[in-house]
Amino acid sequence: MDQNIDKLKTTFELLPDWEERYRYIIDLGRKLEPLDEAERTEATRVRGCMSQVWLVADDADADKKLHFRGDSDAHIVRGLIGVLLMIYSDKTPREIADTDIQQVFADLNLEQHITMNRRNGLYSMVETIQRHAATRLDASS
């Protein structure tokens with residue numbers, strides 16, 4: 001299993017309730033790498049989110065890992081971006097494609113504790129990340 005996913009699960013298990021978990025998620029959002037204003041474009045905007053969300057995939061480096069950065073105008077959504085970046089960033093396209101995100105969300109019990117609109121936005125962000133990985137996989141074939 002992936003170390004970052006294990007760290008997320010362990011942290012969630014250690015926090016006594018969802019109020020504390022929300023604080024942790026929001027704190028993850030505060031630690032996001034900043035996006036330049038020039039990176040907040042229609043090309044990087046995630047469709048399907050109620051909030052404004054931007055995701056940027058930096059080109060794969062020598063070891064073919066993708067590095068993601070993101071931002072939102074909403075605190076909890078910024079935190080959810082932070083969760084996704086812990087799961088997906090700095091992984092190869094194959095590792096991203098092989099991640100069972102529904103199982104990760106189930107293990108975190110995340111979907112039951114966010115609104116339907118946020119859940120839809122979360123999956124829109126997942127699809128965006130997976131699309132970036134699929135593009136890199138197709139290019140390397």
Side-chain angles (χ1 to χ4, degrees), residues 1-36 38-141:
M1 184 53 87
D2 178 89
Q3 285 182 324
N4 282 342
I5 294 172
D6 285 343
K7 180 181 176 184
L8 265 175
K9 289 178 186 177
T10 300
T11 302
F12 269 52
E13 289 168 3
L14 290 173
L15 295 171
D17 56 35
W18 268 93
E19 188 173 317
E20 290 295 318
R21 291 176 189 152
Y22 283 128
R23 283 193 192 110
Y24 172 71
I25 290 169
I26 290 168
D27 192 47
L28 286 176
R30 289 186 180 119
K31 296 175 182 174
L32 291 177
E33 294 176 62
L35 291 182
D36 292 331
E39 293 176 306
R40 297 168 195 266
T41 66
E42 281 303 304
T44 61
R45 191 169 70 80
V46 177
R47 311 282 181 289
C49 295
M50 296 294 289
S51 305
Q52 293 288 323
V53 175
W54 300 270
L55 282 173
V56 175
D58 294 324
D59 286 332
D61 57 15
D63 60 3
K64 305 290 190 234
K65 293 183 178 181
L66 293 173
H67 182 75
F68 293 96
R69 294 176 295 121
D71 198 7
S72 175
D73 60 353
H75 292 295
I76 192 74
V77 176
R78 280 179 58 90
L80 292 172
I81 293 168
V83 168
L84 290 179
L85 297 189
M86 279 189 76
I87 295 167
Y88 286 122
S89 199
D90 301 318
K91 302 234 169 47
T92 66
R94 172 56 48 212
E95 290 169 328
I96 292 168
D98 290 345
T99 299
D100 183 350
I101 195 63
Q102 290 185 321
Q103 185 60 54
V104 174
F105 289 163
D107 291 346
L108 296 175
N109 203 18
L110 188 61
E111 290 185 32
Q112 292 78 8
H113 294 279
I114 59 175
T115 64
M116 179 65 84
N117 285 338
R118 285 201 179 115
R119 190 173 318 132
N120 291 340
L122 185 65
Y123 276 103
S124 293
M125 290 185 274
V126 168
E127 289 171 11
T128 299
I129 290 169
Q130 290 174 339
R131 197 169 40 251
H132 280 291
T135 300
R136 301 315 195 281
L137 277 174
D138 292 343
S140 67
S141 301

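Positions are given from 1 along the sequence.
Closest approach of E95 to T92, counting heavy atoms only: OE1-N, 2.8 Å. Scanning both residues, M125 and V53, for their nearest heavy atoms gives SD-CG1, 3.8 Å. Residues I96 and A133 approach most closely at CG2-CB, 3.6 Å, considering heavy atoms. Closest non-hydrogen pair, L35 versus R69, comes out as CD2-NH1, 3.5 Å. Here the closest heavy-atom approach between residue D73 and residue S51 is recorded as OD1-CB, 3.2 Å. Across G29 and R78, no two heavy atoms sit closer than the pair O-NH2, 2.6 Å.
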For this session: Verify side-chain contact (heavy atoms from CB on, under 4.5 Å) between V104 and D2, making sure each step is shown before the conclusion.
Result: CA-CA 11 Å; V104 174; D2 178 89; over 6 Å; no
For this session: Tell me, with the steps shown, if S72 and I81 meet side-chain contact (heavy atoms from CB on, under 4.5 Å).
Result: CA-CA 8 Å; S72 175; I81 293 168; 3.9 Å; yes
For this session: Check the pair T99 / Y88 against side-chain contact (heavy atoms from CB on, under 4.5 Å), numbers first and verdict last.
Result: CA-CA 8 Å; T99 299; Y88 286 122; 4.0 Å; yes
Problem set entry | Derivation and outcome, side-chain contact (heavy atoms from CB on, under 4.5 Å), residues R47 and E42 | CA-CA 9 Å; R47 311 282 181 289; E42 281 303 304; 3.3 Å; yes
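Under the 4.5 Å side-chain criterion, counting only non-hydrogen atoms from C-beta, L66 is not in contact with D58. Side chains of N4 and D90 form no contact here, defined as non-hydrogen atoms less than 4.5 Å apart.
For the pair S89 (side chain) and F68 (backbone), a donor-acceptor distance under 3.5 Å is present. A donor-acceptor pair under 3.5 Å is absent between the side-chain atoms of D71 and the main chain of W54, judged by distance alone. In this structure, the side chain of T44 engages the main chain of E39 through a donor-acceptor pair within 3.5 Å. Although no hydrogens or angles enter the test, the distance criterion places no donor-acceptor pair under 3.5 Å between the side chain of D36 and the main chain of A38.
I87 contributes atom CD1, which lies 13.0 Å from atom NZ of K7 (distance to the nearest 0.5 angstrom). Rounded to the nearest 0.5 Å, atoms CG (L110) and CG (L80) are 6.0 Å apart. A distance of 5.5 Å separates CZ in R45 from CD in Q52, rounded to the nearest 0.5 Å. The CD1 atom of I114 lies 8.5 Å from the CD1 atom of I76; values are rounded to the nearest 0.5 Å. In this structure, L122 CG and I101 CD1 are separated by 7.5 Å, a value rounded to the nearest 0.5 Å. The CG atom of L85 lies 8.0 Å from the CD atom of E33; values are rounded to the nearest 0.5 Å.
The environment of CD in Q102 is sparse: at most 12 heavy-atom neighbours from other residues, nucleotides or ligands sit within 6.0 Å.
No salt bridge links K9 with E13; every basic N to acidic carboxylate O contact stays at or beyond 4.0 Å. For D27 and R23, the salt-bridge test fails: no basic side-chain N is under 4.0 Å from an acidic carboxylate O. Between E111 and R118, no side-chain nitrogen of the basic residue sits less than 4.0 Å from a carboxylate oxygen of the acidic one, so the salt-bridge criterion is not met.
For the side chain to side chain contact (heavy atoms under 4.5 Å, CB included) with T11, the qualifying choice from L15, L8, L14 is L15, the only one to do so.
Residues satisfying the ring pair (Phe, Tyr, Trp, His ring centres under 6.0 Å) criterion with Y24, sequence neighbours excluded, are absent altogether. For Q103, the side chain to side chain donor-acceptor pair (under 3.5 Å) partners two or more places apart in sequence, or in a different chain, are D107.
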